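Report on one structure; see the data block that follows.
For the single chain, residues carry numbers from 1 onward in sequence order. All figures in this text were calculated on a predicted structure; none of them were measured in a lab.
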Amino acid sequence: MPSTNAKSLSETSRTKLKDAINQLESFLNQYSLNQLIGEETGDEAQTFYKGLLSDLRHLLVFSEVSVEKLGVLLRRPNFDNDFAERALYDVYHQCVNAFFYPKNECYSEDGRYAYTGQDAIRFRFKPVREARDIVLSVSKIYEELRDELAYYENDYMTQRRMQGQK
């Protein structure tokens, strides 16, 4: 990957993460566990929503940290490509992975639907519309980030190891 691309990737990644943060913050500030559970009875709903809220809070924090790193990077008078590549690697491995591999597994991506135009996110429990909408809304942002930052999944670390061996 050409390193000249790192600056534009840093800018677009920061913009996309800020959009996701705004959506996540709004949702988390607006809805409580009791509101999401509503009239549901049983432990399954409570376990599901506790896990979902926890995963969304983690995603929010990881995204905020990455926005800060990218902001520091972009405000520097001289653009630091090494720092940029490390920050983009972190965006992929912390933010994108936090979304697609949530700790509580309240939802998952079903690759069979990825190219059909249907939502590829499948929920373990049928959520209320608001919870469903926030996950599907930010999924589009994290899908774009995953596609744009695919290089940082494996190739970046392989390249760094090879540089270290020289």
Side-chain angles (χ1 to χ4, degrees), residues 1-29 51-124 127 131-166:
M1 165 171 285
S3 56
T4 56
N5 197 21
K7 186 169 186 175
S8 65
L9 269 176
S10 297
E11 291 167 344
T12 58
S13 296
R14 185 169 187 262
T15 301
K16 287 177 183 178
L17 286 172
K18 285 173 92 174
D19 185 25
I21 287 168
N22 289 334
Q23 291 181 47
L24 290 167
E25 262 184 347
S26 177
F27 176 81
L28 291 169
N29 287 337
L52 180 65
L53 289 171
S54 176
D55 288 339
L56 293 178
R57 285 190 296 268
H58 281 98
L59 180 61
L60 175 62
V61 169
F62 291 144
S63 297
E64 287 174 331
V65 168
S66 290
V67 163
E68 278 302 310
K69 280 184 189 177
L70 292 169
V72 166
L73 168 73
L74 293 168
R75 285 189 299 271
R76 289 183 176 170
N78 298 323
F79 188 78
D80 183 344
N81 262 334
D82 289 338
F83 185 71
E85 294 215 328
R86 181 61 202 199
L88 292 169
Y89 174 84
D90 288 345
V91 168
Y92 189 93
H93 284 275
Q94 292 175 349
C95 303
V96 172
N97 282 345
F99 178 79
F100 286 104
Y101 305 105
K103 178 181 173 187
N104 293 292
E105 299 178 346
C106 294
Y107 62 86
S108 61
E109 182 182 36
D110 187 339
R112 294 177 292 188
Y113 293 95
Y115 302 104
T116 63
Q118 296 177 354
D119 294 319
I121 301 296
R122 296 291 175 246
F123 293 90
R124 185 181 76 212
R132 180 184 178 279
D133 288 350
I134 186 63
V135 172
L136 295 179
S137 178
V138 297
S139 75
K140 292 167 182 43
I141 295 169
Y142 290 101
E143 281 176 31
E144 289 173 11
L145 285 168
R146 179 176 59 185
D147 292 344
E148 292 169 2
L149 302 175
Y151 166 77
Y152 295 97
E153 182 179 14
N154 292 318
D155 298 343
Y156 169 73
M157 285 310 285
T158 302
Q159 181 185 21
R160 298 297 292 180
R161 282 190 204 102
M162 287 172 44
Q163 287 173 351
Q165 292 175 353
K166 290 181 181 177

| Under the side-chain contact (heavy atoms from CB on, under 4.5 Å) criterion, do L70 and V91 qualify, and how do the steps go? | CA-CA 9 Å; L70 292 169; V91 168; 4.0 Å; yes

| task | Taking all heavy atoms of E143 and all of F100, pick out the closest pair and write down the distance. | result | CG-CZ, 3.6 Å

| request: Say whether, by atom type as modelled, one donor and one acceptor occur between the side chain of H93 and the main chain of Y89 under 3.5 angstrom. | output: no

| field | Gap between atom OG of S66 and atom CG of L145 - 0.5 Å precision | value | 9.5 Å

| request: For F79 and K7, work out which heavy atoms get closest and say how close. | output: CZ-CA, 3.4 Å

| query | Would Y152 and Y92 count as a close aromatic pair, with their ring centres under 6.0 Å? | reply | no

| Between Q94 and F62, what is the shortest heavy-atom contact and its length? | O-CD1, 3.7 Å

| request: Give a yes or no on whether the backbone of L136 and the side-chain of S139 come within a donor-acceptor separation of less than 3.5 Å. | output: yes

| message | For a 4.5 angstrom cut-off between non-hydrogen side-chain atoms, does Y151 reach L88? | response | no

| task | Can you measure from NE2 (H58) to CG (L24) and round to the nearest 0.5 angstrom? | result | 13.5 Å

| If you measure from the Lys or Arg side-chain nitrogens to the Asp or Glu carboxylate oxygens, is any gap between R86 and D90 under 4.0 Å? | yes

| message | Nearest 0.5 Å, please: how far is CD1 in I134 from CG in L53? | response | 11.0 Å

| task | Report yes if the distance between the aromatic ring centroids of Y107 and F99 is under 6.0 Å, otherwise no. | result | yes

| Residues in salt bridge (Lys or Arg N to Asp or Glu O under 4.0 Å) with R76, at least two apart? | D80

| Taking atom CZ of R122 and atom OG of S108, what is their separation to the nearest 0.5 Å? | 9.0 Å

| task | Return each pair, listed once, that meets salt bridge (Lys or Arg N to Asp or Glu O under 4.0 Å) where at least one residue sits in residues 52-65; pairs must be two or more places apart or across chains. | result | none

| query | Do Y142 and S63 pass the side-chain contact (heavy atoms from CB on, under 4.5 Å) test, and can you show the C-alpha distance, the side-chain angles, and the key distance before you say yes or no? | reply | CA-CA 10 Å; Y142 290 101; S63 297; 2.6 Å; yes

| query | Distance from L149 atom CG to S10 atom OG, nearest 0.5 Å? | reply | 9.0 Å

| Once you round to the nearest 0.5 Å, how far does CD1 of I21 lie from OG of S26? | 13.5 Å

Just list the side-chain donor-acceptor pairs under 3.5 Å for residues 13-20, sequence neighbours left out, or say none.
{"residue": "S13", "atom": "OG", "partner": "L9", "partner atom": "O", "Å": "2.7"}
{"residue": "R14", "atom": "NE", "partner": "V67", "partner atom": "O", "Å": "3.4"}
{"residue": "T15", "atom": "OG1", "partner": "E11", "partner atom": "O", "Å": "3.0"}
{"residue": "K16", "atom": "NZ", "partner": "E144", "partner atom": "OE1", "Å": "3.2"}
{"residue": "K16", "atom": "NZ", "partner": "E148", "partner atom": "OE1", "Å": "3.2"}
{"residue": "K16", "atom": "NZ", "partner": "E148", "partner atom": "OE2", "Å": "2.3"}
{"residue": "D19", "atom": "OD1", "partner": "Q23", "partner atom": "NE2", "Å": "3.3"}

| task | Would you please test F27 and L60 for side-chain contact (heavy atoms from CB on, under 4.5 Å) and show each step? | result | CA-CA 11 Å; F27 176 81; L60 175 62; over 6 Å; no

| request: Determine, step by step, whether N104 and L52 satisfy the side-chain contact (heavy atoms from CB on, under 4.5 Å) criterion, reporting the C-alpha distance in whole Å, the side-chain angles of both residues, the deciding distance to 0.1 Å, and the verdict. | output: CA-CA 7 Å; N104 293 292; L52 180 65; over 6 Å; no

